[in-house]
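Presented below is the structure to which this report refers.
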Amino acid sequence: MLTIEKVPKNQAGVLQNLYSLYLHDLSAYTPSLDIREDGAFHFEELPLFWKVEGLSPYFIKVDDKLTLTGFFLLLEQPALQQEADYCINDFFILNKYRGQGIASKTVKDIFSHRKGTYMIIELAGNKRAISFWKHIYESLHISFQEKKIELDGEPTLIQTFSV
């Protein structure tokens, strides 16, 4: 059983803890991420998720006990200042739950409930993320366009498509 639920503001601390793990993973692909003196990676913009319309964090949970397995950030208008309707951003599954199809099921659920144009952004060095998204496109028969750009000084891939 897969459950996707919007993160309530009173769970911001839990989301911050997951973001630290996510940023730790990303630090392998970018020199701009460093651990802080307190031993954690910090995402300073986290409070904006409950202040800016169109920034929506979601927890991903599985099984009857609603075990927390990850999170994603969904950007939509007006926060998404692009021509796309949505951007799935900061997508993270805990290591223990990777390889079990949870990420694919989550994406399929998102696409089934939110039709429109999407934008996916990946660090060019993050081969695991690139491979995951290309597998999603192939398995769902999604035709996508891809371009390489520099975003915040990082080589980045952007894929756009419609579902």
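Few gaps surround CG on D63; more than 12 heavy atoms of other groups in view lie less than 6.0 Å from it. Within 6.0 Å of CZ on R114 lie more than 12 heavy atoms contributed by other residues, nucleotides or ligands. For E138, the CD atom counts as loosely surrounded, since its 6.0 Å shell holds 12 or fewer non-hydrogen atoms of other residues, nucleotides or ligands. Environment of NZ in K61: crowded, with over 12 heavy atoms of neighbouring residues, nucleotides or ligands closer than 6.0 Å.
With hydrogens and angles disregarded, a donor-acceptor distance shorter than 3.5 Å links the side chain of S20 to the backbone of F41. K65 places no side-chain N or O within donor-acceptor distance of the main-chain N or O of V62, the cut-off being under 3.5 Å. Between the T69 side chain and the I60 main chain, a donor and an acceptor come within less than 3.5 Å of each other. Checking side-chain atoms of S139 against main-chain N and O of I136 turns up a donor-acceptor pair under 3.5 Å.
Under the 3.5 Å distance criterion, with hydrogens and angles disregarded, no donor-acceptor pair is assigned to the side chains of Y29 and E154. Residues D85 and Y118 have side chains that never bring a donor and an acceptor to within less than 3.5 angstrom of each other. Counting only N and O atoms by type, the side chains of Q77 and E53 include no donor and acceptor under 3.5 Å apart.
Remark: aromatic rings of Y86 and F111 are distant, center separation not under 6.0 Å. Ring centers of F72 and Y22: at least 6.0 Å apart, outside the cut-off. A distance below 6.0 Å separates the ring centres of F43 and Y19.
Looking at V7 and F71, their side chains never come closer than 4.5 Å, going by heavy atoms from C-beta outward.
When each of L74, V107, L73 is checked for a side-chain contact (heavy atoms from CB on, under 4.5 Å) with F91, only V107 meets the rule.
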